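A quick write-up on the structure given underneath.
Computed from a prediction, not measured in an experiment: that's the story for all the values here.
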Protein chains: 2
Amino acid sequence: MKRNTWQREAVRDALDGTEGFISAQALHSALHASGSPIGLATVYRALGDLAASGDADCLQSPEGEAIYRACSTGHHHHLICRNCGLTVEIAADEVEAWAQRVAGEHGFTSAAHVVDVFGLCADCSRQAAEPASAESASA
Amino acid sequence: MKRNTWQREAVRDALDGTEGFISAQALHSALHASGSPIGLATVYRALGDLAASGDADCLQSPEGEAIYRACSTGHHHHLICRNCGLTVEIAADEVEAWAQRVAGEHGFTSAAHVVDVFGLCADCSRQAAEPASAESASA
DNA sequence: ATGGTTTTGACAATCATTATCAATAGTGAT
DNA sequence: ATCACTATTGATAATGATTGTCAAAACCAT
């Protein structure tokens, strides 16, 4: 049976109040900064529960850490700027259908998919187009 | 200047000869099993170099490990059994087009994408369907 | 073969995450 | 409100992947 603890609510609130993705470590730090004496292990557990119950999205950052995000509107994917980290939520009905179909064609079941698009957002694209900086002329 | 060592070729060969994705640890184990006394750190370095030079793709497995694959035959995606590791290569023209379009709609450029489908292959699905164990009737 | 420099490899260090386990605090019943 | 029961917490150790270190060895050009 699941019990109701202030720790779990604190994690849920903190995640809700976070703009983009956040790692367990960062969330723990943020909570401590807010005065919560919550333990690190508890943050990991709460995030894991949230992800398991579908209330949070979990994916792996390029640095190899697990990062979480409040997930209200069901299943969706992300468009992530690899320079500034800007994240845009995108619906992907086509991809959903495609993934299920392809999985089915090969006899696979319980198909989950990792569909994330990395690129340069408009701002960063513009900056990249106007370098005006000396490039390192390494071999 | 990059030098040519048998270790680096061994890693490249092993990666080429691997069907789907493989982690650095697994590749190291495989090399050892083949008789190579190559060191673990060297495998990590070689894989990192391969990825940096574009000869290998690197992404994060759901378990949080970095997994690599040889990147020879152009761009394609994978259908991976999360139980037995079976990997099926799949073409994804629709997804390619979708990713480019979605990125463009949001002003993103240089869009790359990570599209991999994890599921249970036919064999593992069958095994999972006949558990012969009591399920926990949770809410 | 020689020299200069890169690479290797064993191991320590680091970092994120999970397990451990006694103490604590919900929950439901009295 | 109190009690007992048990899920949860939290400090810390343990784990496991990855990276840094640095002397020794290997590679390449001469």
Side-chain angles (χ1 to χ4, degrees), chain A residues 1-15 18 20-53 55-69 85 114 138-139, chain B residues 1-15 18 20-53 55-69 82 85 136-139:
Chain A
M1 182 222 303
K2 273 276 190 278
R3 290 181 183 177
N4 229 10
T5 62
W6 63 266
Q7 286 96 334
R8 229 169 303 220
E9 295 207 4
V11 169
R12 183 186 296 255
D13 279 357
L15 198 60
T18 298
F21 288 93
I22 189 169
S23 70
Q25 305 271 348
L27 194 61
H28 178 237
S29 296
L31 282 168
H32 261 204
S34 304
S36 271
I38 191 172
L40 176 60
T42 304
V43 173
Y44 273 98
R45 277 185 290 240
L47 283 175
D49 287 350
L50 247 29
S53 65
D55 293 320
D57 265 349
C58 170
L59 64 88
Q60 310 282 127
S61 80
E63 289 80 34
E65 305 161 68
I67 51 180
Y68 296 85
R69 202 196 139 149
V114 177
S138 60
Chain B
M1 180 225 302
K2 273 275 189 280
R3 290 183 184 175
N4 231 7
T5 62
W6 64 266
Q7 287 97 334
R8 226 168 306 217
E9 294 207 4
V11 170
R12 184 187 294 257
D13 279 358
L15 198 60
T18 298
F21 289 92
I22 189 168
S23 70
Q25 305 272 348
L27 194 62
H28 178 236
S29 296
L31 282 168
H32 262 203
S34 305
S36 270
I38 191 172
L40 177 59
T42 303
V43 173
Y44 273 98
R45 278 186 291 240
L47 283 174
D49 286 350
L50 247 29
S53 66
D55 292 321
D57 267 348
C58 171
L59 63 89
Q60 309 282 126
S61 80
E63 289 78 34
E65 305 160 68
I67 51 180
Y68 298 84
R69 99 183 129 157
R82 90 180 94 217
S136 55
S138 61

Q) Could you give the CD1-to-C1' distance, from A:Ile67 to C:dC15, as a whole number of Å? A) 16 Å
Q: In whole angstrom, give the distance that lies between atom CZ of A:Arg45 and atom P of C:dC21.
A: 14 Å
Q | Minimal non-hydrogen separation, A:Ile22 against A:Leu15, with atom names | A | CG2-CD1, 3.7 Å
Q. Between B:Gly39 and B:His28, what is the shortest heavy-atom contact and its length?
A. C-NE2, 3.7 Å
Q: Quickly work out the B:Tyr68 OH to D:dA17 P distance and round it to whole Å.
A: 13 Å
Q) If you round to the nearest 0.5 Å, how far is CG of B:Leu40 from CZ of B:Arg45? A) 9.5 Å
**Q.** Separation of atom CG in A:Leu40 from atom C1' in D:dT9, rounded to whole Å
**A.** 12 Å
Q) Whole-Å distance between D:dT18 P and B:Gln60 CD? A) 8 Å
Q: Provide the closest heavy-atom pair for A:Gly64 versus B:Gln60 in the form atom of the first, atom of the second, distance.
A: CA-NE2, 3.1 Å
Show the distances under 3.5 angstrom between N or O atoms of the protein and N or O atoms of nucleotides 27-30 of chain D.
from	atom 1	to	atom 2	distance (Å)
D:dC27	O2	B:Arg3	NH1	2.8

Q. Could you state the CD1-P distance from A:Ile38 to C:dA25, rounded to the nearest angstrom?
A. 14 Å
Q) Once you round it to whole Å, what is the distance between C1' of C:dT8 and CG of B:Leu47? A) 15 Å
(Q) Looking at every non-hydrogen atom in both residues, tell me the closest pair between A:Leu31 and A:Ala10 and how far apart they are. (A) CD2-O, 3.9 Å
Q) What pair of heavy atoms forms the shortest contact from A:His32 to A:Ile38, and how long is it? A) NE2-O, 3.0 Å
Q: Would you tell me if any nitrogen or oxygen in the side chain of A:Tyr44 comes within less than 4.0 Å of OP1 or OP2 on C:dT18?
A: no
Q. Which one, D:dG20, C:dA19, C:dT17, comes nearest to the side chain of A:Glu65?
A. C:dT17
**Q.** Length of the NE2-C1' vector between B:His32 and C:dG9, whole Å
**A.** 10 Å
